[in-house]
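Heads up, the thing below is written out as structure tokens.
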Amino acid sequence: MSESSTTGGGRPVHFEIQAADPQRAVAFYTAVFGWTAQDWSEYAGMPYFGVSTGEGPGIDGAILGRPGGTNPEVGGPVMGATLTMGVADYDATAARILEAGGTEALPKYALPGMAWQGYFHDTENNVLGIHQPDPEAK
């Protein structure tokens, strides 16, 4: 076992998604990906929703109020990290994203021999990716 795996050498363990309207963002992510959320605002002293992304490999995180209260403009620079979610069906997930109020940022493209990848904006204009493994992608 490497030293970094035993000492917490930088592997992500939690994420936070900022939103001008945290409840709208919670509705988006629960509708698209089936995440569950709990209101932890009382403990955090601000709008803060803990989210569980499911069982098995992966990390959990939170959706919180965006400092300054306004979302970035579509087409502007990415503010913060970009999360990419692994999915079983790219097209079905893309449809759920659009139905839940998201928009396409970068259309579906092949990572040849590896996967299908694409990027979207959530309801708060954060960029998120979806990634469907597919060794036949070209």
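When reading the values below, keep in mind they use all heavy atoms of this one structure, side chains included, and skip hydrogens, waters and symmetry mates. The chain is numbered in sequence order, starting from 1.
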Look at the side-chain heavy atoms of Ile, Leu, Val, Met, Phe, Trp and Tyr, link any pair under 4.5 Å apart, and say whether [X] and [Y] land in one connected group.
| X | Y | value |
| --- | --- | --- |
| Leu106 | Ile130 | no |
| Tyr119 | Met114 | yes |
| Val87 | Leu111 | no |
| Phe28 | Tyr90 | yes |
| Phe33 | Leu64 | no |

Atom CD of Gln23 with >12 non-hydrogen neighbours under 6.0 angstrom: no
Atom CD of Gln38: over 12 foreign heavy atoms under 6.0 Å: no
Once you round to the nearest 0.5 Å, how far does [atom1] of [X] lie from [atom2] of [Y]?
| X | Y | atom1 | atom2 | result |
| --- | --- | --- | --- | --- |
| Ile97 | Glu99 | CD1 | CD | 10.5 Å |
| Asn126 | Thr82 | CG | OG1 | 8.5 Å |
| Leu83 | Ile59 | CG | CD1 | 7.0 Å |

Pairs where residues 111-125 contributes a residue and the test salt bridge (charged side-chain N to carboxylate O under 4.0 Å, His left out) is met, not counting sequence neighbours: Arg24-Glu124
Distance-only side-chain donor-acceptor flag, Glu16 / Tyr48, under 3.5 Å: yes
Residue pair Asn125 / Arg66, side-chain donor-acceptor N/O under 3.5 Å: no
Check [X] against [Y] and note the closest heavy-atom contact, atom names and distance.
| X | Y | result |
| --- | --- | --- |
| Thr53 | Asp60 | N-OD1, 2.8 Å |
| Ala25 | Ile63 | CB-CG2, 3.7 Å |
| Gly75 | His121 | N-NE2, 4.3 Å |
| Trp116 | Lys138 | CH2-O, 3.7 Å |
| Ala115 | Pro133 | CB-CA, 3.8 Å |
| Ala20 | Gly69 | CB-O, 3.1 Å |

Side-chain donor/acceptor of Asn71 to backbone N/O of Ala19, under 3.5 Å: no
Sidechain-backbone polar pair: Asp39 side chain, Phe49 backbone, donor-acceptor under 3.5 Å: no
Contacts of type salt bridge (charged side-chain N to carboxylate O under 4.0 Å, His left out), residue Asp91, not counting sequence neighbours: Lys108
Note, Ile17 side chain near Tyr29 side chain (heavy atom, < 4.5 Å): yes
Candidate pair Thr84 and Gln117, rule side-chain contact (heavy atoms from CB on, under 4.5 Å), full reasoning: CA-CA 9 Å; Thr84 297; Gln117 181 79 26; 3.5 Å; yes
